[in-house]
Each structure stands twice: as C-alpha cells, then as structure tokens.
Undergrad: 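Got a structure here, written out as structure tokens. Questions coming.
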Amino acid sequence: MQYPQQICILGATGSIGTSTLDVISRHPDKFKVFALSGMNQLTKLAEQIRTFVPNYAVVKDAAAVKELKQILGASIGKTTLLHSKQGLIDIASASEVDCVMSAIVGAAGLLPTLAAVTSGKRILLANKEALVMSGELFINAVNKHKAQLIPIDSEHNAIFQCLPSDFIYGDKQASGISHLLLTGSGGPFRELPLAQFSHVTPAQACAHPNWSMGQKISIDSASMMNKGLEFIEAKWLFGFNEDDIEVVIHPQSTIHSMVQYVDGSVIAQMGNPDMRTPIAHGLAYPNRIESGVGPLNFAQLSNLSFSTPCKKRFPNLFLAIQASKSGQAATTTLNAANEVAVDAFLQGKVNFSQINTVNDMTLQKQNTSSLTCIDSIIEHDASSRILAHQIIKELV
C-alpha cells in the first residue's frame, strides 16, 4: 500500500463517518481526506471541511449547497461543493480516490457504493443495505472489477479477521470451517417483559447499552433487525449458506464474532466496543495502526455470557433469516419496509411492536419475482416502500 491514501467518506457526519475521521486524524502521513458527504447535518459537515480540507463535499440538494456556503464563508477554501445522487457517485468513483468508506445508512448508499466497486476501489463496507438489496449482483461486480471489499461492521470485520489467510470465498470445506457465529448484544430490551414492547419510546430504543450509534441503527439493534441484516450480509460477504451461520446473544459485546472450525476450535475476535477498531483495521489492512481504542483489561472483564435469541422477543431477526432463504426480492422488500417502519416509529405513527407487523405484512403482500439488474432492484425497493406506507396507514 502506498501512502498517503486518498479517502472518500460517504456519510461523514454519522457515527461511522466521525469515527473514521478520528482514526484518519491520528495518521496524517498515511491518509488524506479527498471527499466527504453529509446530507442533513450541515453545521457538522462544515466543521469537518474546515478541519480536513477535502477536495469535494456532497450535500442533499442545491439549497443545501447554498446553506453550506453561507455557514463556511471564507473558510470554504479549495473545497468544491456538489449535491444529489450524482454528486455521491462522482466522488465515490473519482480517479484520485484509493479507498471509499461506505457509511451512508439505508438504501441511499447503494448506488455510490456500486460506483466505487465498478471503479475498482478498496471499499470499506459499513452500509449493510448494499448487500441486503443487491447481494449476488454486488459480489459479482466486486469480482468483475477487481475491487477490494473489507467489511467494517464489527461482527463481519471480526469474522474477516478470524478466517484463514487462504480462505476461498464460499468454500468452507477447504478451510475446515463448520459455522460462522454472529454475536449480538440483544440491545436494550433483552430482558424487557414482552407485554411492554408496544409502549417502548424512540428514546428508549435508541439507548443502546454498549454502542453509540445513529437512530436508525440503534432501533434496528433494539429489534435485532440489525442482526438480521447482518445475517444476510454475512451470507454474501463470505459465500455461506443460511444453515452455516448462527446468531448468538452476547450481552457484553466483548467478543465481536467467531469462526467455528471442524476440529472443534473456535477463533474469536475480541475488543472494546468501539467502531474505530474495525475502521483502523480496514484502512490499514493488511497492516495494523493505532486506532485510539484502549486494549481490553482481562483482569477487569466480568462474566462473558451467551444465549440463543428468542423468536417471540426478536421476530424481526427471524423474519430476516427467512427472507434470506427466500431470495433477493424478499431481502430487498424487507429492507425497504423496515426503513419505512422505523421512520414511522420515530415519528410516533406506529409502536415498536408494529415495526415487525409492517415488515411481515409487506413481505406477504409484495411480489417476489427475481431481480436481475440494479434497475429492477431499485424499482422493487420503491414499490416495497409504497406498500409499506399503505400498510402503516391501515394500522394507524
């Protein structure tokens, strides 16, 4: 790897984006911020532009460009402001860029991430939806264009680190692998009485006991839909069948995931719950750099516990696993419905338990025809969102 690496961060103002910038700031000789994107938090984006002086910054629309220019004033410097989906695609595929951090939450991250893939970049994938929505198409594009895909979700990055160096995609037998073990904390409602789920508030759902995340991911973690999406993502990242992936509740979030081998060995990746660890790993791979995260103190570790997730408590997890078995149309439908349902929950239109109701009903009603190209995926995503909105109106 040649330094300095030119980095594009899609979703710079979110938790992953800010953590990425923190790691980069510790290694100014190794990394240079080429471009940033931030759709809503313009004041925060302006601070990042002043600090890192990127060549480009992308915002939502022309009105946001105007507002950001006013915030920046003379401190805009050499940064060129772009907007819209095309702006995201342009910075992700720019010839100067070596590495793209894909951290835009939701379906909005799909097209710019694919643009980075088709340009042969190193992709640090923190956006689950790219694989949940496009799966096989996405992986085929990675192989065709010789892009390098490194997972950044703590669970997938942990598995990536635990795999043998000569691992062949999808060939667990050659690597002597039995199962992938995805760990999940169980979120804030792991022990909440089921009768209280319908009374959960957005603030309670966002109060994750271990991780600091944005609203959407925090709520998905509370319902364990996050783990369901990660299950689908793991299938495509490593080429495993659904029966070869297990989800394990691990409340302490110390072991981030594991690989079980046929000889009885289990290799686990451990660390403090801080996303700067997998981010630093992805940025420097195959080398190691300081991330700002302190090491585990084993003398102070409390009991590490594990259990099997309960279907009644976390129906979204099992819905996602079933969708994965049903195929691409089902996972695209589920992702779209869940984004709509979570947004409705945040707005007080549905209760926490009804997120699963919306997801399940949308899956039941949506067409499950095969999706063979990116256009068909985007169309299916859009129609699934319309259907989910209609179902929410019926529930209210």
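Only heavy atoms go into these numbers, but all of them, side chains included; no hydrogens, no water, no symmetry mates. Along the sequence shown, the residues carry numbers beginning at 1. Please read these numbers as outputs of a predicted model, since none were measured by experiment.
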Undergrad: So how far is it from K128 NZ to S102 OG, rounded to the nearest 0.5 Å?
TA: 11.0 Å
Undergrad: So, N303 versus S305: side-chain donor-acceptor pair below 3.5 Å or not?
TA: no
Undergrad: Report the distance from atom CG of N272 to atom NE2 of H256, rounding to the nearest 0.5 Å.
TA: 7.5 Å
Undergrad: Would you find more than 12 non-hydrogen atoms of other residues, nucleotides or ligands less than 6.0 Å from E136 atom CD?
TA: no
Undergrad: Could you tell me whether E230 and K227 make a salt bridge, using a distance below 4.0 angstrom between a side-chain N and a carboxylate O?
TA: yes
Undergrad: Please check if the number of heavy atoms outside K32 that lie under 6.0 Å from its NZ is greater than 12.
TA: yes
Undergrad: Please tell me if the side chains of V248 and I255 come closer than 4.5 Å, counting only heavy atoms from C-beta onward.
TA: no
Undergrad: Looking only at heavy atoms, which two atoms of N157 and P151 are closest? And how far apart?
TA: ND2-O, 3.0 Å
Undergrad: If you count heavy atoms of other groups shown closer than 6.0 angstrom to NZ of K349, is the number above 12?
TA: no
Undergrad: Given 3.5 Å as the limit, does a donor-acceptor pair link the side chain of T332 with the main chain of D381, or not?
TA: no
Undergrad: Is F314 reachable from V358 through a run of hydrophobic residues whose side-chain heavy atoms are each under 4.5 Å from the next?
TA: no
Undergrad: Within the distance-only criterion (no hydrogens, no angle test), does the side chain of N55 pair as donor or acceptor with the backbone N or O of A35 below 3.5 angstrom?
TA: no
Undergrad: Looking at side-chain heavy atoms only, is the closest gap between I321 and K325 below 4.5 Å?
TA: yes
Undergrad: Can you check side chain to side chain contact (heavy atoms under 4.5 Å, CB included) on I71 and L42, steps first, answer last?
TA: CA-CA 8 Å; I71 296 171; L42 297 184; 4.0 Å; yes
Undergrad: Give, for atom CD of E379 and atom CG of L371, the distance between the pair rounded to the nearest 0.5 Å.
TA: 9.5 Å
Undergrad: Do L283 and H27 touch side chain to side chain, with heavy atoms closer than 4.5 Å?
TA: no
Undergrad: With hydrophobic residues grouped by side-chain heavy-atom distances under 4.5 Å, do V53 and V59 end up in a single group?
TA: no
Undergrad: For the backbone of V340 and the side chain of R385, can you confirm whether one donor and one acceptor N or O come within less than 3.5 Å of each other?
TA: no
Undergrad: With a 3.5 Å distance limit and no angle check, can you tell me whether K44 reaches the backbone of G14 through a side-chain donor-acceptor pair?
TA: no
Undergrad: Test of understanding: clusters of I, L, V, M, F, W, Y form through side-chain heavy atoms closer than 4.5 Å, transitively. Do V396 and I386 belong to the same one?
TA: no
Undergrad: Could you go step by step and tell me if I177 and F167 meet the side chain to side chain contact (heavy atoms under 4.5 Å, CB included) rule?
TA: CA-CA 10 Å; I177 295 172; F167 172 71; 4.0 Å; yes
Undergrad: What pair of heavy atoms forms the shortest contact from G109 to N127, and how long is it?
TA: CA-ND2, 3.8 Å
Undergrad: Quick one, V100 with T113, criterion side chain to side chain contact (heavy atoms under 4.5 Å, CB included). Give me CA distance, side-chain angles, the key distance, then yes/no.
TA: CA-CA 8 Å; V100 175; T113 305; over 6 Å; no
Undergrad: Measuring from atom CZ of F345 to atom OG1 of T201, what distance do you get when rounded to the nearest 0.5 angstrom?
TA: 6.5 Å
Undergrad: With side chains defined as the heavy atoms from C-beta onward, is the minimum distance between F52 and S25 less than 4.5 Å?
TA: yes
Undergrad: A side-chain contact here means heavy atoms from C-beta on lying under 4.5 Å apart; do L124 and T20 qualify?
TA: no
Undergrad: With hydrophobic residues grouped by side-chain heavy-atom distances under 4.5 Å, do I377 and V142 end up in a single group?
TA: yes
Undergrad: Taking the side chain as every heavy atom from C-beta outward, state whether I289 and F31 have any pair of such atoms under 4.5 Å apart.
TA: yes
Undergrad: Could you verify whether a donor N or O on one side chain and an acceptor N or O on the other, from S324 and E242, lie under 3.5 Å apart?
TA: yes
Undergrad: Before you tell me yes or no, could you show the steps for Q328 and T331 under side-chain hydrogen bond (donor to acceptor under 3.5 Å, both in side chains), namely the whole-Å CA-CA distance, both residues' side-chain angles and the distance that decides it to 0.1 Å?
TA: CA-CA 5 Å; Q328 190 65 75; T331 58; 3.2 Å; yes
Undergrad: Could you pull out the closest heavy-atom pair between L131 and F138, with the gap in Å?
TA: CD2-CD2, 3.5 Å
Undergrad: Taking C-beta and beyond as the side chain, do S376 and H380 meet within less than 4.5 Å on heavy atoms?
TA: no
Undergrad: Just by modelled atom types, is the N351 backbone N or O under 3.5 Å from a matching donor or acceptor in the Q354 side chain?
TA: yes
Undergrad: Between N241 and D244, is there a donor-acceptor pair closer than 3.5 Å when you use the side chain of the first and the backbone of the second?
TA: no
Undergrad: Do we see a donor-acceptor contact under 3.5 Å between the side chains of T13 and Q48?
TA: no
Undergrad: In Å, rounded to the nearest 0.5 Å, how long is the span from CG of L114 to OG of S134?
TA: 5.0 Å
Undergrad: Any side-chain heavy atom of Y285 within less than 4.5 Å of one from R122?
TA: yes
Undergrad: Treating Q5 as the side-chain partner and Q2 as the backbone partner, does any N or O pair qualify as donor plus acceptor under 3.5 Å?
TA: yes
Undergrad: Specify the closest pair of heavy atoms between C162 and V259, including all atoms of both residues, with the distance to one decimal.
TA: CB-CG2, 3.6 Å
Undergrad: Can V58 and M39 be said to form a side chain to side chain contact (heavy atoms under 4.5 Å, CB included), step by step?
TA: CA-CA 8 Å; V58 180; M39 294 296 104; 4.3 Å; yes
Undergrad: Just by distance, do the side chain of K121 and the backbone of V97 share a donor-acceptor pair under 3.5 Å?
TA: yes
Undergrad: Donor-acceptor check, side chain of S37 to backbone of G11, threshold 3.5 angstrom: yes or no?
TA: yes
Undergrad: How close do S185 and S253 get, counting heavy atoms only, and between which atoms?
TA: CB-OG, 3.4 Å
Undergrad: Take N316 and N359 through the test side-chain hydrogen bond (donor to acceptor under 3.5 Å, both in side chains) and record every step on the way to the result.
TA: CA-CA 8 Å; N316 273 317; N359 293 338; 3.0 Å; yes
Undergrad: Look at the side chain of S221 and the backbone N and O of I217, then say whether any donor-acceptor pair between them is shorter than 3.5 Å.
TA: no
Undergrad: Within this structure, what is the NE2-CD1 distance for the pair H281 and I150, rounded to the nearest 0.5 Å?
TA: 7.0 Å
Undergrad: Give a yes or no on this: more than 12 heavy atoms of other residues, nucleotides or ligands lie within 6.0 Å of atom OH of Y56.
TA: no
Undergrad: Check the side chains of H156 and S257 for a donor-acceptor pair under 3.5 angstrom, ignoring hydrogens and angles.
TA: no
Undergrad: Does CD belonging to Q173 count more than 12 external heavy atoms closer than 6.0 Å?
TA: no
Undergrad: What about M1 and I24, same hydrophobic cluster or not, with Ile/Leu/Val/Met/Phe/Trp/Tyr joined at side-chain heavy-atom distances under 4.5 Å?
TA: yes
Undergrad: Do you know which two heavy atoms are closest between L182 and I245, and how far apart they sit?
TA: CD1-CG2, 4.0 Å
